[in-house]
Number of protein chains: 2
Amino acid sequence: MVHDSPMSARPATVPGSQPPALEPGAESVGPRLRRLREAAGISLSELARRANVGKATLSGLENGTRNPTLDTLWSVTAALGVPITALLAGGQTGVVRGTAVEATLLQVFDDEAVTYELYRMVVPPGAVQSSPAHHAGVTEHITVFSGVLRAGPADDPRTAHPGEHLSWQSDVPHVYEAVGDQPVHASLLIRYPRR
Amino acid sequence: MVHDSPMSARPATVPGSQPPALEPGAESVGPRLRRLREAAGISLSELARRANVGKATLSGLENGTRNPTLDTLWSVTAALGVPITALLAGGQTGVVRGTAVEATLLQVFDDEAVTYELYRMVVPPGAVQSSPAHHAGVTEHITVFSGVLRAGPADDPRTAHPGEHLSWQSDVPHVYEAVGDQPVHASLLIRYPRR
DNA sequence: AGCGACCGTTCCGTTTGCGGAACGGCAACG
DNA sequence: CGTTGCCGTTCCGCAAACGGAACGGTCGCT
């Protein structure tokens with residue numbers, strides 16, 4: 001079930017989400033494609049030829065007047081020799097904001113009986129983030145990049161310095177807090193055993 | 001930051017690249033979407049409702065009988081709260097293959113004085129991967145997803161079960177090995193303090 | 001100048017992805 | 001039982017993305 005995101009706030013997938021025209025990240029696809037093509041030093045016509053797509057398609061894609069098909073994206077990025085994520089990454093990662101932390105969803109792993117969500121987390125100094133209990137069996141794993149983090153179960157938090165690791169069962173309320181006046185950068189891995 | 005990707009080489013952009021039907025990675029989008037949706041614990045109809053797409057679209061998408069529009073992909077992944085790359089990634093990231101392990105570079109973090117490389121690692125059973133010493137100060141952090149891993153300094157490896165964590169100083173030769181006959185899936189975080 | 005090659009855009013008929021409305025299947029109720 | 005509710009699939013008219021063929025513009029060359 002909707003494994004609650006770490007900060008309990010869902011990424012605002014507003015129920016009545018009505019994309020008015022184009023998605024936020026979509027409009028950047030055109031410019032990005034154009035830059036990639038020009039970096040490869042080939043013309044629009046040439047790329048269209050190599051990718052086996054129409055020049056009209058490519059033109060419209062670069063100018064943002066078309067809503068390309070996945071096939072088209074595969075063809076174009078393959079012909080450019082870049083991963084398809086080069087056009088799509090970064091724009092719309094799931095960002096979760098709590099009162100004190102900001103976490104960006106980087107990857108989701110689905111293994112046989114477990115789902116892992118990997119976040120990149122920043123905890124600014126001067127505030128404490130409390131997070132309610134998750135479902136039973138959920139564990140969190142943090143590796144600190146920089147700063148000093150105090151985190152864990154609300155009644156028994158622990159401290160980690162850069163390069164160190166923390167993990168705990170998150171079926172109880174837990175907290176995150178930056179120690180000192182430096183923000184904490186860390187990776188957060190949440191493990192959800194599939195019920 | 002411009003962390004040069006480890007494999008900056010162009011993937012050969014075959015001149016006569018003629019994609020016959022569907023691209024190699026495209027066929028995996030359907031199953032991946034289905035698993036993400038089921039991991040979120042919601043029905044097809046429910047996801048269609050939240051994403052403002054037709055059930056027909058979603059059904060066809062999961063079964064691989066449609067060639068979705070970028071708009072559709074944005075809507076669906078946004079409603080799931082995952083980055084769009086969760087459906088598309090994996091095709092062309094930097095893959096590092098050793099004699100026994102295969103690691104996919106997911107992210108590079110450059111913080112003030114440290115660089116982190118985050119890998120997704122698979123260790124097949126029946127072989128031992130030896131890795132030479134890195135520079136001083138380099139540490140490795142592993143979280144096991146599935147399988148049982150035995151890894152660490154060559155003279156003192158330790159064992160980790162699913163959900164458990166290992167870390168060690170990797171300035172000495174170290175090893176990775178799957179215990180039992182199941183492959184090990186894990187995340188590997190390597191920390192390089194900037195000299 | 002004229003000519004040819006190529007550029008990127010626009011027009012247009014065909015193809016196809018799109019959402020809405022059915023459909024059958026299944027489980028939970030009265 | 002019949003009814004209700006939701007599931008996932010299939011049918012279908014419509015909007016739109018598609019490739020091919022024009023188009024005007026800008027270079028080199030004769």
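Chain A is the first sequence line, chain B the second, and so forth, proteins listed ahead of strands; every chain is numbered from 1. These numbers come from the heavy atoms of this one structure, side chains and all, not from hydrogens, waters or symmetry mates. These figures come from a predicted structure and were not determined experimentally.
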Calculate, to the nearest 0.5 Å, the distance between atoms NE2 and CG belonging to A:H165 and B:L189 respectively. 10.0 Å
Please report the interatomic distance CD(B:Q129) to CD(B:E177), rounded to the nearest 0.5 Å. 11.5 Å
Measure from [atom1] on [X] to [atom2] on [N] and round the result to the nearest Å.
| X | N | atom1 | atom2 | value |
| --- | --- | --- | --- | --- |
| A:L44 | C:dC6 | CG | C1' | 12 Å |
| B:L61 | C:dG17 | CG | P | 10 Å |
| A:K55 | C:dC6 | NZ | P | 11 Å |
| B:R49 | C:dG19 | CZ | C1' | 14 Å |
| A:N63 | C:dC11 | CG | P | 14 Å |
| B:N52 | C:dG19 | CG | P | 9 Å |
| A:L58 | C:dC6 | CG | P | 18 Å |

Axis deviation across the helix from C:dA1-D:dT30 to C:dG30-D:dC1, five-pair ends, to the nearest 10°: 10°
With sugar-phosphate meaning primed atoms plus P, OP1 and OP2, does B:T57 contact a base, only sugar-phosphate, or nothing at under 4.0 Å between heavy atoms? base
Taking for each residue the nucleotide of DNA chain D with the nearest heavy atom, is it A:P68 or B:G60 whose nucleotide lies nearer the 5' end? B:G60
5' to 3' on DNA chain D, which nucleotides open and close the contacts with chain A (atom under 4.0 Å from a heavy atom)? D:dA17 to D:dG20
Do B:L166 and B:I190 sit in the same hydrophobic cluster, where Ile, Leu, Val, Met, Phe, Trp and Tyr count as joined when their side-chain heavy atoms come under 4.5 Å apart? yes
Start with the C-alpha gap between B:R66 and B:T57, add the side-chain angles, then the distance that decides, and say whether side chain to side chain contact (heavy atoms under 4.5 Å, CB included) holds. CA-CA 8 Å; B:R66 283 213 189 169; B:T57 301; 3.3 Å; yes
When the ring planes of A:H174 and A:W168 are compared, do they come out parallel, tilted or perpendicular, using 30° and 60° as the limits? tilted
Apply side chain to side chain contact (heavy atoms under 4.5 Å, CB included) to the pair A:R34 and A:N63, showing each step before the final yes or no. CA-CA 9 Å; A:R34 175 158 285 164; A:N63 292 328; 3.4 Å; yes
Charged N to carboxylate O below 4.0 Å: is that the case for A:E46 and A:R49? yes
Checking the side chain of B:S59 only, and the main-chain atoms of B:K55 only, is there a donor and an acceptor separated by less than 3.5 Å? no
Within less than 4.0 Å of OP1 or OP2 of C:dT16, is there a side-chain N or O belonging to A:T69? no
Does A:S45 place a side-chain N or O at less than 4.0 Å from the phosphate oxygens OP1/OP2 of C:dC6? no
Take A:N52 and A:S75 through the test side chain to side chain contact (heavy atoms under 4.5 Å, CB included) and record every step on the way to the result. CA-CA 7 Å; A:N52 278 343; A:S75 301; over 6 Å; no
